[in-house]
Amino acid sequence: MSLRDAVARFVHDGDTVVIEGFTHLISFAAGHEIIRQGRRDLTLARLTPDLIYDQMIGAGCARKLVFSWAGNPGVGSLHAFRRAVEGRGATTLEIEEYSHFGMVARLAAGAARLPFWPLRDYAGTDLPRVNPRIRSVTCPYTGETLATVPALNPDVTIVHAQRADAEGNTQIWGLVGVQREAAFAARRVIVVVEELVDETVIRSDPNRTLIPGLVVDAVVLEPWGAHPSYAQGYYDRDNAFYVAWEEISRDPVKLDRYLDDFVRGVPDRTAYLDKHHGLTARLKAKERRSAGVNYGF
Amino acid sequence: MSLRDAVARFVHDGDTVVIEGFTHLISFAAGHEIIRQGRRDLTLARLTPDLIYDQMIGAGCARKLVFSWAGNPGVGSLHAFRRAVEGRGATTLEIEEYSHFGMVARLAAGAARLPFWPLRDYAGTDLPRVNPRIRSVTCPYTGETLATVPALNPDVTIVHAQRADAEGNTQIWGLVGVQREAAFAARRVIVVVEELVDETVIRSDPNRTLIPGLVVDAVVLEPWGAHPSYAQGYYDRDNAFYVAWEEISRDPVKLDRYLDDFVRGVPDRTAYLDKHHGLTARLKAKERRSAGVNYGF
Amino acid sequence: MATLAARELADGEVVFVGIGLPNLAANLARATHAPHLVLIYESGAVGAVPERLPVSIGDPALVTGSLMVCGMADVFQLFLQQGRIAVGFLGGAQIDRYGNINTTVIGSYTNPKVRLPGSGGAAEIAIHARRTLVMAKLDRRAFPEHVDFVTSPGQRIAGRTRRELGLSGAGPVKVFTDKAILETDEATGEMVLAALYPGVAVEEVEAGVGWPLARRPRLAAVDPPGALELRVLREVLDPEGLYLGAKGGAPST
Amino acid sequence: MATLAARELADGEVVFVGIGLPNLAANLARATHAPHLVLIYESGAVGAVPERLPVSIGDPALVTGSLMVCGMADVFQLFLQQGRIAVGFLGGAQIDRYGNINTTVIGSYTNPKVRLPGSGGAAEIAIHARRTLVMAKLDRRAFPEHVDFVTSPGQRIAGRTRRELGLSGAGPVKVFTDKAILETDEATGEMVLAALYPGVAVEEVEAGVGWPLARRPRLAAVDPPGALELRVLREVLDPEGLYLGAKGGAPST
């Protein structure tokens, strides 16, 4: 399925959308397609909104942001996010804030069909004061109080991965973040991959399968679809672009021009990549291949 | 470290001991060494006691059994266990019983340092009636009642694995059961491996590492140490012995003779293997090697 | 029994499989009318394609060539509790009038006549699988009015419905015996006679259960195993006859 | 700052590392006196041996050649919450008299003057790491008597002790600034002056904090960075000077 068709069919105005991937495997391709199709009133949830949600906020797709760390890693701020939250922007943005552990636990609960997840957290912090969804429960054995967060069950989760077969049996290596939890917790799942492989490739190493096809609604082939994020073993992170975003996002006009040039102004990912000359030469991964293991009996 | 030294140092009378591995990677070598060293009053915890705990019960090591399915898979009963529980044996055995999910959740809670784990389970079953440790909690969001089980934190967990480095960084493939949870939940951890490998082997495929060395107290090299259980990629399960156990365990005299011949009567695992002629030829795994993946950037 | 259970499985369904007859039934369905059946074993093997008849649910043949291997916490939380399992198979030493299943103990729990293996994952299957199929040999001792111990909840538990207890799946809805098929009546929650195998008289079935057996207004016809089904069973799945003719074949769960 | 923080790490300790100066400090320690230091990044890389200076805590260089990669649920539950982390590093826009750290907001939460990134994993580090080390540039605005928002709890939170709040780790116990080292006083929970860098006057430090700064009876001597330390920092770890001379370098958490 094409990314255009997958987004048209599975991402709707007003949805709660999770595009996960902790630094690694963030589906910028899907985020850009959502911007192109002009989705509105989305509740965007992610541990680290990163550049992709800053772009979607800047493009006016978001009504609300659910998150735990909203910065440009190692660089600075997400300025579209800051303008909206600091009331300096054209649009406002409702926020619901947790810590990383809280967001991880929310997705873990959603994936397990539990209504909440207990954690030793938040005591002494001001987060529960500003987020009434952070509550507590009493242990039926020790009587101690534990913090709780509510399950997060996205309408749609979009996962970028190294490879999957046609049925959506998906393999990921390197940082896995909360990709598995986000997929199992969602009502609909889109998997975007660097390589579409034969089922036999998946079956030759079943311990590498993170997400089974039976929870996947659409599989999309989109090489370099995570750029400027990265895919271990395929291409490096485009750190130069993350640095450049500081200046682009600081100015709404520049941000809008960026969206016109690289998102709204291109029909698809191929056209986006054509506008990045020398990308492959600059970021293609070197070879550090692992050895196989024996699954025989 | 030798298995003799590891058991002498880390397994004490009265300990709660978990030797995990769901059909796969059950450390019979460690169980036999515990029998040889005459440990007493142990609380043995495992989802499936399997032959190894039936032997330890028959040898008089156990005061209590914590479990969820006590049978000989595909064959029949664990007769030493049955004699003790049905009051037909020389010794009695206290039992604490859950379902598989309950045992998994107990170890997950122990591994996460949570005092309990919530699960949708036990409603309509008689298990809570006979096990007061199965309780409930009310969801602070939906108000619904969920079952709970208490954390299980073993004094010592013994994990059999395909390979580890000298520091105990351990890699397992094939069925992983609850090996990781059992290790993280334990105060002390012994890892017994088919192969002791160089750190570089582990570092070449970090996503395969299930248990990090920082939670491991002892690493023991014991090839074929899981027999008659199996090690994917190394040797098949000795199903013939599982069938034979039905008759051996049915008769306390035969069981005692088995222990004399193959456990108490041998100094170590090497001698045990010497008594099994043609084992390698009969059970050695065929080659079904997976391909590697690229970890480069 | 294996043949009829196999026919119950629709192509593409996600089936939670135990060893013995359920494994035969699932693999028979996969080899005949349901090539896209996804077999999940509680040991963590997903999309297993066993090259040999697995002796246990942890058989290495379930891993080699499977689509995914996951930990047991995932099996119970992400698959069963999440409601991803369409069909679960169970067997049992006792199955009662309301489909409650006992695999724990005959007699009292504290002073058992016979101590059985226990739940394993059976309780979770009966609670969470969207529907549960049961396989057991018809026998008055095996089908009492009330089980000695409820390991896996049926349609009425001490008079309470599954809805009242908040059980998400439909629970045991069909029992395949060696003489007939019993189904749960939606209204009463009772096991009733739904189909007779060729040549079996109603009285034989009534004699095999410990309660006055109601029956469906019209009993369904049961086609005997076809040539293809028999060939697959005897030549491909169980050439050594480990399970064919075996009685009951309770899954290890 | 990186050098002094590095010296705080004992060989073999498990250190939860953020990017920036903490990453420099941890890798400096590993390259000098603590070769068996185990570096864990909240992204899930355990025993990382980055071949290049990681730009983010999710840098691919943290994965290649690491001992283990695990999911973030494992990072927070099996490592942090379980109490397996000996040392955590934090930075912050505000650190107050009692070691409370603010990385969330300057001004009010609902109507912020400056919106900061938020907690990330900082709250969990301050709660669960056995001890937490803080790195920040001395500045009166950065060291108020009370932070605008408590993202990560210090030694006294609204008058309550960590023990009263059931916080398992020791929390922020030491702050490395560009002029001096502050430590928490066990009795009062206050940040007090513990050591002055060569050539720094007490008054400069007092001027950099928003409360009457108490001091240890005897101030510890601080050795300037040694030749080896400087060489490793400048030639091996940060040849491009990305962080050296950089101010504060708050970890992304």
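Quick note on labels: first sequence line is chain A, next is B, and so on, each numbered from 1. Atom set for the values below is all heavy atoms of this structure, side chains included, hydrogens, waters and symmetry mates excluded.
- Rounding to the nearest 0.5 Å gives a distance of 11.5 Å between CG of Asn207(B) and CG of Asn207(A).
- For Tyr141(B), the parts lying near chain A are the backbone and the side chain together; criterion is any non-hydrogen pair under 4.5 Å.
- Contact annotation for Glu144(B): only side-chain heavy atoms (C-beta onward) come within less than 4.5 Å of a heavy atom of chain A.
- Side chains of Gln162(A) and Val293(B) form no contact here, defined as non-hydrogen atoms less than 4.5 Å apart.
- For Leu283(B), no part lies under 4.5 angstrom from a heavy atom of chain A.
- Arg163(B) touches chain A through its side chain: at least one heavy atom from C-beta onward sits under 4.5 Å away, while N, CA, C and O do not.
- Neither the backbone nor the side chain of Tyr230(A) comes within contact range of chain B; no heavy atoms are under 4.5 Å apart.
- Smallest separation of non-hydrogen atoms from Leu146(B) and Leu114(A): CD2-CD2, 4.2 Å.
- With chain B as partner, the option from Ser204(A), Ala291(A), Gly174(A), Pro206(A) having the largest number of non-hydrogen pairs under 4.5 angstrom is Gly174(A).
- A heavy-atom distance below 4.5 Å is found between the side chains of Arg120(A) and Pro115(B).
- Heavy atoms only, all atoms of each residue included: Thr148(B) and Pro140(A) are closest at OG1-CG, 3.6 Å.
- If you measure heavy-atom distances from Arg203(B) to chain A, you find no contacts under 4.5 Å at all.
- Contact of Thr142(B) with chain A is made through the side chain alone, with heavy-atom distances under 4.5 Å.
- Contacts of Val176(B) with chain A are made by side-chain atoms alone, with heavy-atom separations under 4.5 Å and no backbone atom involved.
- With a 4.5 Å cut-off on non-hydrogen atoms, Val137(B) touches chain A through its side chain but not through its backbone.
- The two residues Asp236(A) and Phe297(B) come nearest to each other via the heavy atoms OD2-CD1, 4.1 Å.
- Counting heavy atoms of neighbouring residues, nucleotides and ligands inside a 6.0 Å radius, atom NZ of Lys64(B) exceeds 12 of them.
- Between Asn294(A) and Ala285(B), the shortest heavy-atom distance links the atoms ND2-CB, 4.4 Å.
- Remark: side-chain polar atoms of Trp173(B) are not paired, donor with acceptor, to backbone N or O of Arg208(A) under 3.5 angstrom.
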